[in-house]
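Residue numbers run from 1 in the order of the sequence given. Keep in mind the model is a prediction, meaning the values are calculated, not measured. Because only heavy atoms are used, hydrogens play no part in the values below, and waters and symmetry mates are left out as well, while side chains stay in.
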Amino acid sequence: MKCQRCQEQATLHITDVLLRPAAYEERHLCSECAQKYLFEMDFQQVTDHRLRGPHNEHGEYQLEVARIIISELDDHQVVVFREVGGKRSFPLVIGIYEATAIDRQLKHLPSPRPLTHNAWLATVKALGATFQAVGINSVQNETYFASLRLIQPDGQPVRVDIRPSDGTIMALLASVPIFISADLFARVSE
């Protein structure tokens, strides 16, 4: 595929998620044009009037997926999270399988067979638990840690450790929010 700006070989697939549900824009660009595009694009311009400030009783901020960058030349893919109703964002490096799964889910592309994340969600439901949210909890040595927040059938809350990329896919599949603590968000956001 050719770059949409200069006709060189496209090496990056960029999906920008718009503020309307199920709306996105795709770009296929070479590395040089992708760098220019990412420099030009400023998430500060997409501020809307939804929730502002901490979004739950724990003082956490709600996030949404703003962008997926999939590289054909690099093992590191990027998901960019954006604060719901705010201006801040931050990137997270993830694997190719998780990036493509997030990209597919954002575009509502069906899979002929259940994927791993679909099986996890079906298992949670089959065991009678209710999926409440995903929390991005901490970062240590540039590695992020997250948890699935579930309610057991007896009403007891439980948290299950998960990678943020897998948690993001699960949150998108289950239509539940993604949260980040105020302290962590202040450290990692732009």
Side-chain angles (χ1 to χ4, degrees), residues 12-27 34 36-70 77-94 98-109 117 121 124 130-140 142-151 157-190:
L12 291 165
H13 171 96
I14 300 173
T15 301
D16 285 316
V17 181
L18 305 176
L19 293 177
R20 297 181 312 277
Y24 60 89
E25 293 179 352
E26 285 186 311
R27 288 170 180 75
K36 289 177 185 174
Y37 169 75
L38 294 173
F39 182 76
E40 293 165 3
M41 181 65 176
D42 182 359
F43 286 123
Q44 309 262 340
Q45 297 173 1
V46 297
T47 302
D48 65 9
H49 299 290
R50 292 179 288 171
L51 299 172
R52 294 191 189 283
H55 300 158
N56 67 16
E57 67 277 5
H58 305 293
E60 296 174 309
Y61 289 83
Q62 187 174 344
L63 302 174
E64 60 191 353
V65 175
R67 173 179 285 152
I68 301 288
I69 303 171
I70 299 174
Q77 316 309 313
V78 177
V79 60
V80 178
F81 291 100
R82 169 178 53 219
E83 175 183 10
V84 172
K87 296 181 178 183
R88 296 180 293 175
S89 65
F90 76 97
L92 180 70
V93 176
I94 63 175
E98 294 79 14
T100 56
I102 292 169
D103 196 54
R104 289 180 63 85
Q105 188 59 36
L106 290 171
K107 295 173 183 170
H108 302 286
L109 297 175
H117 301 95
L121 186 58
V124 167
T130 304
F131 192 3
Q132 296 291 303
V134 169
I136 300 176
N137 308 319
S138 64
V139 61
Q140 297 171 13
E142 299 181 24
T143 300
Y144 285 81
F145 295 86
S147 61
L148 295 179
R149 297 174 184 177
L150 307 171
I151 302 294
V158 64
R159 292 188 181 204
V160 178
D161 288 336
I162 193 166
R163 295 183 309 176
S165 55
D166 292 323
T168 299
I169 299 163
M170 297 287 289
L172 292 171
L173 283 169
S175 299
V176 300
I178 302 168
F179 291 108
I180 187 169
S181 72
D183 292 341
L184 179 58
F185 199 31
R187 288 187 4 223
V188 301
S189 64
E190 301 172 345

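- For the pairing with Ile68, the side-chain contact (heavy atoms from CB on, under 4.5 Å) check across Ile14, Val80, Val79 returns one residue only, Val79.
- Closest approach of Val65 and Arg82 over heavy atoms only: O-NH2, 4.1 Å.
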Discussion item. Test side-chain contact (heavy atoms from CB on, under 4.5 Å) on Leu38 and Arg67; report intermediate values, then the result.
Written reply: CA-CA 10 Å; Leu38 294 173; Arg67 173 179 285 152; 3.2 Å; yes
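- Between His117 atom NE2 and Gln105 atom CD the span is 10.5 Å, to the nearest 0.5 Å.
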Worksheet entry | Audit row: Leu63, Val84, side-chain contact (heavy atoms from CB on, under 4.5 Å) steps and yes/no | CA-CA 5 Å; Leu63 302 174; Val84 172; 5.8 Å; no
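- The two residues Pro164 and Leu92 have their closest heavy-atom pair at CB-CD2, 3.6 Å.
- Of all non-hydrogen atoms in Ser181 and Glu60, the two that sit nearest each other are CA-CG, 4.0 Å.
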Worksheet entry | From CA spacing to verdict: side-chain contact (heavy atoms from CB on, under 4.5 Å), Leu148, Phe131 | CA-CA 8 Å; Leu148 295 179; Phe131 192 3; 3.4 Å; yes
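- Checked by atom type and distance alone, the side chain of Arg159 never pairs as donor or acceptor with a backbone atom of Gly135 at under 3.5 Å.
- Here CZ of Phe179 is found 4.5 Å from CG of Asn56. Values are rounded to the nearest 0.5 Å.
- Classified by interplanar angle (parallel below 30°, tilted 30° to 60°, perpendicular above 60°), the ring pair Tyr144/Phe90 is parallel.
- In plain terms, the two heavy atoms of Gly167 and Ile162 that are nearest each other are N-CD1, 3.7 Å.
- The closest side-chain heavy-atom distance from Asp16 to Tyr24 is not below 4.5 Å.
- Once rounded to the nearest 0.5 Å, the distance linking CD1 of Ile136 with OG1 of Thr168 reads 5.5 Å.
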Worksheet entry | Steps toward side-chain contact (heavy atoms from CB on, under 4.5 Å) verdict (Val17, Glu64) | CA-CA 9 Å; Val17 181; Glu64 60 191 353; over 6 Å; no
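- A distance of 8.5 Å separates CG in Leu184 from CG in Asn137, rounded to the nearest 0.5 Å.
- Separating the CD atom in Glu98 from the CG atom in Asp103 is a distance of 13.0 Å, to the nearest 0.5 Å.
- In this structure, CD1 in Ile94 is found 8.5 Å from OG1 in Thr100, a value given to the nearest 0.5 Å.
- Across all their heavy atoms, Val134 and Ala171 have their closest contact at CG2-CB, 3.8 Å.
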